Amino acid sequence: MHHPHHSHVLQLDIQGTPQAWISLEHAALHVATGSVAWVDGDGPLATLRGGYNVARGRQSVIDIHPIMALAGAPRLNLFDVVPAFTKAKLFRRDRMTCAYCGQRFAERDLSCEHIVPQSRGGRWTWMNLVTACGPCNGRKADRTPEKAGMPLLYLPHVPSRFESFLLEGRHIRADVHEWLAARLPKGSRLS
């Protein structure tokens, strides 16, 4: 089967909270087992041919929508789960912009910068990390922004669940991107 570029489906819980990006096959399984409560997006992402039904004398067809919510109570409240941290997501959260000089850089020229240095107990968390370019990172060295005389140009924040899925930076279909963007918190840098 030929995979379109956008072969990932956004799986939600019944309340509409993003759970995961899943493959077309995985999505087809949800449809086939009747676990889908509702779907969204601008029409099907793909139509898969299922098994041949002898009684009806025809092949079943499964429409896979780009956004699908699964029936059943969510196992955990996803809003209590802090989105997993990755370097790529941090750089996208901060729009590839150095928190000290305010210039934009290519991903390879950026680094994860601890606001409170690790040597002083600074943790590897969304709230203690910002994006910095090489020269600023070197200049700030092992000091806090105050000590280094380098105030932050923007503050870190923990991405919401919806932001986190946008930040993963897959090639997201326009309709799915809009769906997620419409649910961002007020004042999000991504909206």
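This structure is a prediction, so every number in the text was calculated from the model and none was measured.
If you take CD on Glu146 and CD1 on Ile115, they are separated by 9.5 Å, rounding to the nearest 0.5 Å. The distance from the NE2 atom of His65 to the CG atom of Asp40 is 9.5 Å, given to the nearest 0.5 Å. The CD1 atom of Ile64 lies 6.5 Å from the CG atom of Leu24; values are rounded to the nearest 0.5 Å.
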Anything under 3.5 Å between a donor and an acceptor, one on a side chain of residues 96-110, the other on a protein residue two or more places apart or in another chain? List them.
unit_1	atom_1	unit_2	atom_2	d
Thr97	OG1	Arg95	O	2.8
Tyr100	OH	Glu113	OE1	2.6

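Annotation: side chain of Pro156 is not in contact with side chain of Leu129 (no heavy-atom distance under 4.5 Å). Side-chain atoms of Thr144 and Pro117, non-hydrogen and from C-beta on, do get closer than 4.5 Å to each other. Contact annotation: the side chain of Asp63 never approaches that of Val31 to less than 4.5 Å [non-hydrogen atoms, C-beta and beyond]. With a 4.5 Å cut-off on side-chain heavy atoms, Thr131 and Tyr154 count as touching. For the pair Thr125 and Phe85, the minimum side-chain heavy-atom distance is 4.5 Å or more. You'll find the side chain of Val9 stays beyond 4.5 Å of the side chain of His30, heavy atoms only.
At distances below 3.5 Å, at least one donor-acceptor pair connects side-chain atoms of Asn128 with backbone N or O atoms of Val116. Looking only at distances, no side-chain donor or acceptor of Asp42 sits under 3.5 Å from a matching main-chain atom of Asp175. The backbone N or O of Pro83 lies less than 3.5 Å from a partner atom in the side chain of Trp126, making a donor-acceptor pair. At distances below 3.5 Å, not a single donor-acceptor pair connects side-chain atoms of Thr17 with backbone N or O atoms of Asp13. A donor-acceptor pair under 3.5 Å is formed between the side chain of Arg120 and the backbone N or O of Asp142.
Summarising the local packing, CZ of Arg139 is surrounded by 12 or fewer heavy atoms from other residues, nucleotides or ligands at distances under 6.0 Å.
Across every non-hydrogen atom of Arg173 and Pro66, the tightest pair is NH2-CG, 3.5 Å. The minimum heavy-atom distance between Phe162 and Pro18, with the atom names listed, is CE2-CD, 3.3 Å. Taking each heavy atom of Lys87 and Cys112 in turn, the nearest pair found is CG-SG, 3.2 Å.
Taking the six-membered ring where tryptophan is involved, the planes of Trp21 and His8 are perpendicular, since the angle between them exceeds 60° and thus also 30°. By the 30° and 60° cut-offs, the orientation of the rings of His114 relative to Trp124 is tilted.
A continuous path of hydrophobic side-chain contacts links Leu90 to Val82 [ILVMFWY only; heavy atoms under 4.5 Å]. Ile14 and Leu29 fall into different hydrophobic clusters, where Ile, Leu, Val, Met, Phe, Trp and Tyr residues are linked whenever their side-chain heavy atoms come under 4.5 Å apart, directly or through other members. Under a hydrophobic clustering in which Ile, Leu, Val, Met, Phe, Trp and Tyr are joined whenever their side-chain heavy atoms come within less than 4.5 Å, directly or via other members, Val61 and Leu45 fall into different clusters. Val130 and Leu153 are members of different hydrophobic clusters when ILVMFWY side chains are connected at heavy-atom separations under 4.5 Å.
Just one residue in the list Arg93, Arg92, Lys89, His157 forms a side chain to side chain donor-acceptor pair (under 3.5 Å) with Glu163, and that residue is His157.
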side-chain contact (heavy atoms from CB on, under 4.5 Å) assessment of Phe165 paired with Val176: CA-CA 10 Å; Phe165 276 79; Val176 179; over 6 Å; no
side-chain contact (heavy atoms from CB on, under 4.5 Å) between Gln19 and Leu12, intermediate numbers included: CA-CA 5 Å; Gln19 288 180 322; Leu12 313 172; 5.8 Å; no
